[in-house]
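A short worksheet on the structure shown next.
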Amino acid sequence: MGSANLSRLQGLFAVYKPPGLKWKHLRDTVELQLLKGLNARKPPAPEQRVRFLLGPVEGSEEKELTLTATSVPSLTNHPLGKADLRSWVSLPSKSLSRVSVEVLRLLCQAHDSPPKSEVLDQEVGVGHRLDAQASGVLVLGVGHGCRLLTDMYNAHLTKDYTVRGLLGKATDDFCEDGRLVEKTTYDHVTREKLDRILAMIQGSHQKALVMYSNLDLKTQEAYEMAVRGLIRPMNKSPMLITGIRCLHFAPPEFLVEVQCMHETQKELRKLVHEIGLELKSTAVCSQVRRTRDGIFTLDSALLRTQWDLHSIQDAIQTAAPRVAAELEKSLSLGLDTKQLPSPGWSWDSQVPGSALGLETDARQ
């Protein structure tokens, strides 16, 4: 495969992970489709090299020979010309003379037998993972895109989820199909009560986000970041919710949209469970779906029928400018703001003690 085609396969793209599919299986499937696409492409024409060939003089009836400069194809990198000459060197000494062995060793050094395949360099990396039950946007990286995945992690970009809950029962793993632990009534639950709980969640987590960002909010730069919603934690932190709202409420079912960072899908399911408890009822999670990861949305995620070489190359080229701009903006935020020294007290005592973070509000 030509270097031009390989250069178009360097970067980030997003796919849609259906529920029930493990992320490792998805990555292996995409990697296999890329290998098939690379191997199916027509190999480039061999390079031409000048060789002096011995032959008769043109127009001469005599048998005089002369050297003529001729352009001939170089088969050094041809797949059929990459035989492993080292296997000949390892033959018993009775099969080859000492001179033949030395000649083969020299050929091995000149041939660099066999050169590493370009295809093996195209490893597929996975960004923020989704567990088997969750679905939605999953970001993958190819080639130097694997390094960009690390940059995305360090940028602490937010992600959007739609989380579906069912009132009236509790299970051991917070999932709808888990082992049933308890059944409760939910006739008293209203949309207003749910909205009030969600507002308390958002408020408590925003306070925690300010503390984990370790910024001096008295500075103009930090204030402008807070107004634009660009505050990010400087290091690892528990799940932080930057926004949450109800999209649909039809008891026993409700659907909430969550904007967060540093989350796991299990924590989002536990969030539904704790919302049910605050509503003086119980609730289980029936669906977790990621709708956005950084700049990647459902609209830019490739469906399973699009996991092929051509579609992935186009997706990488389309996303490349936006990825570069977002990472440059996010990674430079921490350099342009004044940070406070780490406080002597433990942050763990000041941040939400659960996914809801309602205990802190109750004490104030």
Side-chain angles (χ1 to χ4, degrees), residues 10-17 23 124-130 136-162 202 205-245 257-265 267-268 290-302 315-342 347 351-352:
Q10 301 280 336
L12 300 179
F13 65 100
V15 298
Y16 182 83
K17 189 193 90 66
W23 66 264
V124 177
V126 182
H128 300 113
R129 299 170 182 174
L130 289 170
V137 178
L138 183 66
V139 180
L140 304 178
V142 187
H144 79 263
C146 295
R147 295 193 298 271
L148 295 178
L149 291 174
T150 303
D151 293 337
M152 281 189 63
Y153 177 82
N154 295 330
H156 305 286
L157 301 178
T158 60
K159 297 175 283 296
D160 291 350
Y161 289 85
T162 55
Q202 182 168 327
H205 277 261
Q206 285 179 345
K207 294 177 183 178
L209 177 59
V210 172
M211 286 186 286
Y212 272 103
S213 65
N214 201 22
L215 296 177
D216 184 2
L217 292 182
K218 295 180 181 179
T219 63
Q220 183 64 24
E221 294 84 359
Y223 174 78
E224 292 177 356
M225 288 174 58
V227 171
R228 291 182 293 168
L230 297 178
I231 293 181
R232 300 287 185 269
M234 300 306 298
N235 297 298
K236 291 182 179 180
S237 71
M239 178 179 70
L240 295 173
I241 297 174
T242 59
I244 183 170
R245 62 179 179 135
E257 181 183 55
V258 183
Q259 185 179 86
C260 55
M261 62 183 73
H262 299 178
E263 80 294 338
T264 65
Q265 289 76 58
E267 289 175 323
L268 291 172
R290 184 189 289 164
T291 58
R292 182 183 63 84
D293 186 351
I295 68 164
F296 295 96
T297 63
L298 289 174
D299 294 334
S300 59
L302 301 178
I316 289 175
Q317 298 304 309
T318 302
R322 297 177 59 204
V323 169
E326 181 65 26
L327 291 179
E328 181 180 2
K329 179 184 70 173
S330 299
L331 294 176
S332 64
L333 289 177
L335 302 177
D336 299 335
T337 56
K338 182 179 179 181
Q339 300 178 18
L340 288 171
S342 299
W347 282 350
V351 298

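Not measured: the values here are computed from a predicted model.
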| task | Identify the two heavy atoms, one from His205 and one from Leu240, that lie closest to each other, and give their separation to 0.1 Å. | result | ND1-CA, 3.7 Å
| task | Can you measure from CG (Leu130) to CD (Gln265) and round to the nearest 0.5 angstrom? | result | 5.0 Å
| task | Report the distance from atom CG of Leu298 to atom OG1 of Thr162, rounding to the nearest 0.5 Å. | result | 8.0 Å
| message | Would you compute the distance between atom CD of Glu328 and atom CG of Asp151 and round it to the nearest 0.5 angstrom? | response | 12.0 Å
| said: Can you confirm whether Phe296 sits close enough to Val323 that some side-chain heavy atom of one is under 4.5 Å from a side-chain heavy atom of the other? | reply: yes
| query | Between Gln259 (side chain) and Thr242 (backbone), is there a donor-acceptor pair under 3.5 Å? | reply | no
| task | Working to the nearest 0.5 Å, report the span between OH of Tyr161 and CG of Asp293. | result | 7.0 Å
| query | Do Leu140 and Val126 come close enough that some side-chain heavy atom pair is under 4.5 Å? | reply | yes
| task | Among His128, Arg292, Met261, Glu326, find the residue that satisfies the side chain to side chain contact (heavy atoms under 4.5 Å, CB included) test when tested with Leu157. | result | Glu326
| task | Return the minimal non-hydrogen interatomic distance between Pro233 and His156, and the atom names on each side. | result | O-CD2, 3.1 Å
| Is there a side-chain contact between Lys17 and Arg290 (heavy atoms, below 4.5 Å)? | no
| note | Closest non-hydrogen contact found for Ser330 with Ala155 is CB-CB, 3.7 Å
| said: For Gly11 versus His144, what's the shortest heavy-atom pair and its separation? | reply: N-CE1, 4.2 Å
| query | If you take all heavy atoms of Val137 and Ala14, which pair is closest and at what distance? | reply | CG1-CB, 3.9 Å
| field | Distance in Å, Leu268 CG paired with Met239 CE, rounded so as to fall on 0.5 Å steps | value | 5.5 Å
| remark: Looking only at heavy atoms, the pair that brings Tyr16 and Ala301 closest together is N-CB, 3.8 Å
| note | The reported gap from CG in Leu327 to CE in Met152 (rounded to nearest 0.5 angstrom) is 7.0 Å
| said: Before you tell me yes or no, could you show the steps for Ile316 and Phe13 under side chain to side chain contact (heavy atoms under 4.5 Å, CB included), namely the whole-Å CA-CA distance, both residues' side-chain angles and the distance that decides it to 0.1 Å? | reply: CA-CA 5 Å; Ile316 289 175; Phe13 65 100; 3.9 Å; yes
